[in-house]
Each structure stands twice: as structure tokens, then as C-alpha cells.
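Computation of the quantities below employed the complete heavy-atom set of this structure, encompassing side-chain atoms and omitting hydrogens, waters and symmetry-equivalent molecules. All chains are named by letter (A, B, ...) in the order of the sequence lines, taking the proteins before the strands, and each is independently numbered beginning at 1.
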Protein chains: 4
Amino acid sequence: MSHFQQIREEACEANRQLPAMGLVIFNFGNASVADHKKEVFAIKPSGVPYNELRPKKMVIVDFDGKTVEGKLKPSSDTKTHAILYRNWKNVGAIVHTHSLYATAWAQAQRSIPIYGTTHADHFAGPIPCAPAMTDELIREDYEYQTGLQIINHLIDNNLGYEEIEMILVGSHAPFTWGRTAAKALYNSAVLESIARMAILTEQINPGVSTLKQALINKHFERKHGPDAYYGQ
Amino acid sequence: MSHFQQIREEACEANRQLPAMGLVIFNFGNASVADHKKEVFAIKPSGVPYNELRPKKMVIVDFDGKTVEGKLKPSSDTKTHAILYRNWKNVGAIVHTHSLYATAWAQAQRSIPIYGTTHADHFAGPIPCAPAMTDELIREDYEYQTGLQIINHLIDNNLGYEEIEMILVGSHAPFTWGRTAAKALYNSAVLESIARMAILTEQINPGVSTLKQALINKHFERKHGPDAYYGQ
Amino acid sequence: MSHFQQIREEACEANRQLPAMGLVIFNFGNASVADHKKEVFAIKPSGVPYNELRPKKMVIVDFDGKTVEGKLKPSSDTKTHAILYRNWKNVGAIVHTHSLYATAWAQAQRSIPIYGTTHADHFAGPIPCAPAMTDELIREDYEYQTGLQIINHLIDNNLGYEEIEMILVGSHAPFTWGRTAAKALYNSAVLESIARMAILTEQINPGVSTLKQALINKHFERKHGPDAYYGQ
Amino acid sequence: MSHFQQIREEACEANRQLPAMGLVIFNFGNASVADHKKEVFAIKPSGVPYNELRPKKMVIVDFDGKTVEGKLKPSSDTKTHAILYRNWKNVGAIVHTHSLYATAWAQAQRSIPIYGTTHADHFAGPIPCAPAMTDELIREDYEYQTGLQIINHLIDNNLGYEEIEMILVGSHAPFTWGRTAAKALYNSAVLESIARMAILTEQINPGVSTLKQALINKHFERKHGPDAYYGQ
């Protein structure tokens, strides 16, 4: 049995959840689960349909993106996952999808404004959209640069990766993460829901204001503050 | 066996209906059922997934929002439910969701205009949207103030809680109620449908007029008037 | 056994198809099936959930809207069905829904323009929207007047009821019909699809032209003309 | 047993996938599978519901659109399929649907701009929309001319049929193709997804730019270039 059995199982299950949660069709996404002690993660093999995934088919990759164990080729987005794990010690899982509404915001190259408490319960500001890369960076190691782009965009906006667990990559699609696979998947589904509510809100009231600061603070603190008590 | 077995069972079932009816994902909503003689209600425990709910896990709370029976923490929206029950003697159940279209109207901070007979069959005017609270009230007992906001907005608009059984809370989401859990759930689903039809109607005809008064009267009266005969 | 067993069975099945085909929620619609020799039709009883319907629960009504057989109250829309059957000898079934997109067009008080061959395969012109009634007519026998409104709107537009089998009633919702229950149901589902495609088409290209006449003729004739050969 | 058993089975299965994949309702589409050695293809019989299809019911047609084997009438779109197979030696299957979003773009008579990497992963430019035919051509052999229109529109735009495997026919609906039935079906589903994301993108940001050239090149090459490595 593999030394990496647990992350193989968790990553397999997380990938199988993607179509079940309505977040992907065909191969439009991937999930990975990390073991930070061993500095490796398990990720979806490239091109294999979700319903054919098994723990033993997961690919074990180190934080430089090199395959450690597994016969199949890892997802083409592997290097993006690798650089995020290398830089973010407390992230246990990463999910990448092309879910409909979050991807449409990414394609529109707009951050998602905070319009209501559904959004504020999860993050106290707009969901950031990292700009598209320069042509030079695109021609370099593209997937590695995508990860760097995510890391730098959070830094540029004074956001910690434990504070916000989701981002849009401009012209591309969303990435989410969390301490566990369940949390990273939850974040992908919540982001899709927030993205859908936000465009509807703008269509219903094109002049709508974003949520007032007192409500942002209240909702985020009741869920995430020192005296958190949230839970519907 | 609990003295509150019946409301435990009804509240459990009502909460389990929320995802089945497509009104919530994860923990985005809660339902409660009251026993006005005992001045208590049964409500969803905080953070427990809907499919793990059982009657014995429901929390029994009094009309001040204090737990009377149950080991789990009640929903963070409990005080909103409590103040509504205290003030509205004939309400047997309350449902709160973040359903997509109703929440988008709430975020857009607009009442839903009455555009057709689907709406008129249920209420003879716009579905009101209570404005967001003042910063001062938000910093106070927030969930209690949310309930007060709902009560006062109906009073300010000369609406009785038995006349209209649904409201949008601006920047937040809808609340609905009724004599029974089935009716409160029905109202949540009808509100979602009305909300969706209304934005589509405005998109198809941006200059559309609201329903003429004679049709509003006719449809509401055939369902709710003294000679009511409605029933498709 | 009832003399009307066959139309009871067909009407029961047609009503049960309404939620299965995604055209209604709760009691938002009704279907009826006629026996023109006996000058009666079987229609949904008022307020009974679709999944509780049985052939014996259907109500048999004559073409004046009077109950001939059955203990339950017939649908509140019964008189609309009755006047249509009385005037339209070759209509075997009528379906009324509040399906989302068709109802939104009705609420927007617009006929649905003909934008493509999906529409042209079914009717060679816009789907008409009858205007809302005058206040005077609304105060009269409302459901009877609704039927009259449908009949007169077709006449005013030189349309035969065998030529077009669907209409929107302004501020209200769609009605469809056909020789059989299957055809009337098919028409409701096709109308919903056409209605949805049409608003999307306008959103994608606000300046779009309606379908050119040569294509309208070609598509309608290959399905309905003397040399019809259509069938995907 | 038929000499054409394999393409009968594949075409039957491909047609049955159409409603399962959410691409058609009723008879709104058809799929065919070709045997280029025998210069024939198997196609859906006209007007038969998808769930009643069996391999033996498929109609075998030659590349002039003449029936070679089968008692049922072939789909009314048969001649469009025939001319495509005659001209495109490496196409093994063709799928035609009236799927919602792709058809709305066709009705809007617009090519689908390239707004993101989901699109770029499949084709490095806009999805073309062939203009509606002249009145003269419509009156001729309509389905044959539709095929010719598709072939000529690709040629006029310097596109090879192996380079792009999907097209919109203006005022009508999409056609897709591929080496296998699975690939042609995949292309129909991907096109529907791209079409839906594109209109949402324009609604979220009406002034959005199309994808920058460096990203178009990168994504298309990682999937289709000589050093292709794509696979999520």
C-alpha cells in the first residue's frame, strides 16, 4: 500500500464530488489534497473521467510539481497547485473549476462586489479577480505563473490566504482552497452561489450600492470573529 | 419523551424540506415551528447539515430566545424567530432562506412589483423589502433587531402579518411564515417563483406596467375574499 | 364505472405530467380532456396536489361549466376551458400553466417574436399575447371572459385555432391546446422553450431582426404544408 | 444481421445521449455515425422519440442522402449530414441540436466571441455563425443548401473542419462533428457551455475585451499543439 493512501483517498473523493455538486462537466476542473509533512499532494490524473477515478489512480506530486508516485500524468494545472502549497503552509486542499457563474465573472475581469449578507458571511470584501498575466509571463512556465499570480494578487491587496479562501483568475476561472477538501469544495460551491446572486442583483437594480460597512462587519464577525456564534 | 415532541418532528421535517425544495444549499436557511400555548418553538440546531437532522436534535427555545430544551446551540437567527412569535400570535411556523432570486431582490433593496396574476393570487401588492438597519441597530442585538425591523416595516406599510406572509430584508434575504410549516414552506417557494418571474418580466419589457387594479382585486379576492373560490 | 372513464384517465394523466415536465409547481396549472359527442370534459379538481390525483377524482363538466359528475369542486379556471371547447369543435385537450418563461412574456404583455427555426417549425408568426381585459369585463364572469378574450384575440388577428395552438393571456399566463392531451402538453413545453430562447436572443443581440419570410415559410411548410416531410 | 450493425449501434446510442445530456427536448435534434469505406451513415429515423430508438430502427443513408437500408423515413435533416460526410473525409459523426444557449446565439446571428480559457481550450477564435441563406437558396433543396452553407462558411473564413468542430447556422441552431460520436457529442455540450458563459460575461461586463492573443495561443497549443500536454 502507498505511503500516501490517505491523501489518495481524499483527493479521489474530492474530485468525484465536483460533478456531483454541479461544478464541472467533462474534465473542467480538478482537486488536490496535500500532506505538508511529506511535502507532497495527491491530484487528479490528466484526462481521466471523474467516474473512473480511484485512489490508486491519483498522482502524488511534490511541491515543485514533480511526480513522486503514480503511472498517470498529473492534471495540466498541477504546477499551479504546487506553488500554492509551497507558499501556503496551512492549506490542505485546493479546488479548481470552470463553474458557470464564477467563470463568467473571471471572464468579465471583474471582482465580485459584496452585495449582501450571504457574501459577508464568507468574506468581508469583494472576491478579488487577479488580472490576466502579461504576454511575457504567459510564454514562460504558464501554470507556475498562474499560481504566482494568485499569491501576488492577494499580497498586493493585503489579503491573507487564511482570511480569504477563493479567487478569480482573470480570463480564466476560479480557484478555492481550505484546510480540508470539504472546506475547499464548500468554498467553490459558495463562490458559485455568490457569483450568481451578484449578477442577478445588478440586473434587478443597476444602481445598487454595495453592503454597508456595519453589516459587513457584523456578519463576518458573527461567523469568523473572536466571539463567533454563526450557524444557521 | 420530550413534552415538545410534535413541534420537534414538524420543525425537523420542515428543515429537511428546505434543500429538497431547492431553497437552500449547505446551511443557508432555517425553519421553526411554534407551540403558542407553551410559548416555545423548535428550531434547527446551528451548523448541523439538513440530512443529519432528527427530531431530538431540534432545539426548544422560548419567545425571548432562551434555550428551554436541547444540547445543541440553536440557529444563529433564533432571536429573529423569537420576536416574531412573541408579536404574532397566529403564526405557527417561520422559514428563512437565502434562495437565489428572492435574495437577489433583497440585495437589490427593491420591493417586488406586482406584474401578474401569479403574484396577485398570493398578495395584492408589492412584496415589501425592509430597508437595511441603521448602523446603531446593527451594532446592538442584531438578530433581535432584524425581527423588530420586519414587524415595524409591516406596521409602517399598514400590512397585517396575516394578510402578507412574506418579506425581504434588505441586503439580506427573505423570511416567510404561516399558520403551519407547510404553509410557511409554500410561501418561500412561491416567493422564489414570483421573484424569478418579476426580473424576467422587466428584462422582456423594461417599460412594463404593474398589474391593473381590477385584476389585482379579482385575483386576490377569488383566493382570499369572503366568496373565495380559487383553486387550480 | 363512469360513462366518462376514458377522459377521466386521460385528464388525470395529463395533469400528472405537468409537474413531471417542469411546467408547474404546487397547483400552478391544470389540464382538461373533452368528449365532444357528450359535450363534456374532465378537469382537475380544485386544490388537489398533482400526485394525489386519480381518474375518479377528476370532475366532469359540461360546456357551460356546470358539473355533471364528481364530488370535488372543479378547477377555478373551468369556465375558461368550457367556452373554448364550446367554440372549438376540434380541440380535444386544453392545458393552462404558469410556466416561468411563457408567463414572464405574458406579464411583459408582449407577443413572442419569431427569431428562429425552432419557433417557425411550430408556428409561422409571433405567438400572440391577448391584452389584459377592460375593468368592466374583469368584474363580470372573469374566467368566462378570459376564454372569450382568447377566442376574440385569435379572430381579430385572423388566426385559426387549428393553425396556432398556443396563446399568452396578458398579465396572466399561457394556454395551449390540441387534438389530444399529448399534443396540448407538447405545445406547453414547446412554448416554454421558445419563450426562453426568445428573451436570450434579445439579450445577446438587442437589435436582432426577426426571421426572414422565406425561412418562416420553408420551416412551417416542411412540417405543416401539403408536402410536409419534417421530423428530426 | 445488417452489414451496418456497428454504425447502427453507435448512432442509436448517440441519439439516446442527446436528451440524457440535456441538449434536446422531444425531437429537437439528431445524431449520425458514418462508415466512410461504405460511403453510408446511420441516422435517427424521423419523428421517433429518443427512448424508443433501437439500432435496427436507425436508417442507413448514402452520401447523396438516399436510403440504403431501413423501413423508416430518415431525419428531415439527413441531406445536411450527407453533404458534410461527402466533403469531410475524416468526420465520423455529426450532431445537430436546438440546445438553448447555442441556439439563442444562432438566432441572434452572432459568432460567439472568445472570452476565456474554457473557450480557448477548444478553439482559438470565435465560434462562427454562418449567415442565413438567400431566399433563392432557401427555396431550393433546403437541407442540402444548409450543409453547403456550413462548408462554404468555413472555407470563406479559412477554417478547416478538423481545426474547428462546431458551427452555428444563423437563425437556426448549432451543428457539431468529430472523429467519433463521443467527440461530436462532447463538442455539442462544450459549445452549449461556452455559449452560456459568453452571454453571462457580456452581461457582467458589457465593455469586456476578448481574450488576449497570448492566452489564446497558450491554451490552444497546450491542448492541440505539437507539444500538447493539456488535461485537467
Side-chain angles (χ1 to χ4, degrees), chain C residues 17 20-23 99-101 112-122 178 182-225 227-232, chain D residues 15 18 24-31 43-48 50 72-78 96-110 112-113 129 131-140 142-143 145-146 168-173 195-196 198-200 202-203 206:
Chain C
Q17 282 296 312
M21 293 171 78
L23 296 169
S99 69
L100 186 60
Y101 287 87
I112 305 176
I114 183 164
Y115 286 130
T117 63
T118 318
H119 184 136
D121 282 337
H122 296 91
K183 187 67 193 308
L185 285 166
Y186 171 88
N187 286 334
S188 281
V190 165
L191 172 56
E192 182 67 4
S193 185
I194 288 172
R196 190 169 184 188
M197 279 181 186
I199 175 59
L200 274 171
T201 300
E202 294 188 350
Q203 288 175 330
I204 293 168
N205 184 354
V208 67
S209 311
T210 53
L211 196 61
K212 59 195 298 183
Q213 197 57 43
L215 268 174
I216 293 175
N217 297 346
K218 182 70 192 178
H219 269 262
F220 196 69
E221 282 165 17
R222 76 175 195 160
K223 193 156 186 180
H224 299 277
D227 304 313
Y229 60 94
Y230 174 85
Q232 296 200 338
Chain D
N15 277 289
L18 294 176
V24 302
I25 57 169
F26 300 115
N27 277 316
F28 286 21
N30 43 71
I43 193 165
K44 182 180 182 299
S46 175
V48 179
Y50 297 103
L72 297 167
K73 199 159 65 91
S75 161
S76 53
D77 295 304
T78 293
H96 170 50
T97 78
H98 288 224
S99 68
L100 186 60
Y101 287 87
T103 302
W105 280 90
Q107 292 192 162
Q109 297 168 52
R110 286 185 62 195
I112 305 177
C129 179
M133 276 177 251
T134 62
D135 289 9
E136 200 178 349
L137 292 178
I138 291 167
R139 276 188 296 268
E140 287 182 34
Y142 175 62
E143 289 78 14
Q145 293 295 338
T146 299
L168 307 175
V169 176
S171 303
H172 186 169
R196 191 168 185 189
I199 175 58
L200 274 171
E202 294 187 351
Q203 289 176 330

- Of the listed D:N30, D:T78, D:I138, the one with the largest count of heavy-atom pairs under 4.5 Å with chain C is D:I138
- Query: In terms of heavy-atom pairs under 4.5 Å with chain C, which of D:Q109, D:Q203, D:M133, D:E143 leads?
  - Reply: D:E143
- Task: Tell me, out of C:N205, C:I204, C:V208, who's got the most heavy-atom pairs with chain D below 4.5 Å.
- Result: C:I204
- Once you round to the nearest 0.5 Å, how far does CZ of D:R139 lie from CG of C:L215? 11.0 Å
- Message: Looking at every non-hydrogen atom in both residues, tell me the closest pair between C:H219 and D:Y142 and how far apart they are.
- Response: NE2-OH, 2.6 Å
- Task: Quick one: closest heavy-atom pair of D:A108 and C:T201, and the distance?
- Result: N-CG2, 3.7 Å
- Would you find a donor on one side and an acceptor on the other, under 3.5 Å apart, between the side chain of C:K218 and the backbone of D:D135? no
- Task: Please look at D:I199 and chain C and tell me whether the side chain, the backbone, both or neither of the residue comes under 4.5 angstrom of a heavy atom of that chain.
- Result: side chain
- Relative to the ring of C:H122, is the ring of D:F28 parallel (under 30°), tilted (30 to 60°) or perpendicular (over 60°)? tilted
- Message: Report which part of D:T134 has an atom under 4.5 Å of a heavy atom belonging to chain C: side chain, backbone, both, or neither.
- Response: backbone
- Task: Measure the CE-OH distance between C:M197 and D:Y101 for me, rounded to the nearest 0.5 Å.
- Result: 11.0 Å
- Can you measure from OH (C:Y186) to CD1 (D:I25) and round to the nearest 0.5 angstrom? 7.5 Å
- Query: Is a side-chain N or O of C:R196 found less than 3.5 angstrom from the main chain of D:L100, in a donor-acceptor match?
  - Reply: no
- Examine whether an atom of C:L211 lies under 4.5 Å from a heavy atom of chain D, and if so say whether it belongs to the side chain, the backbone or both; otherwise answer neither. side chain
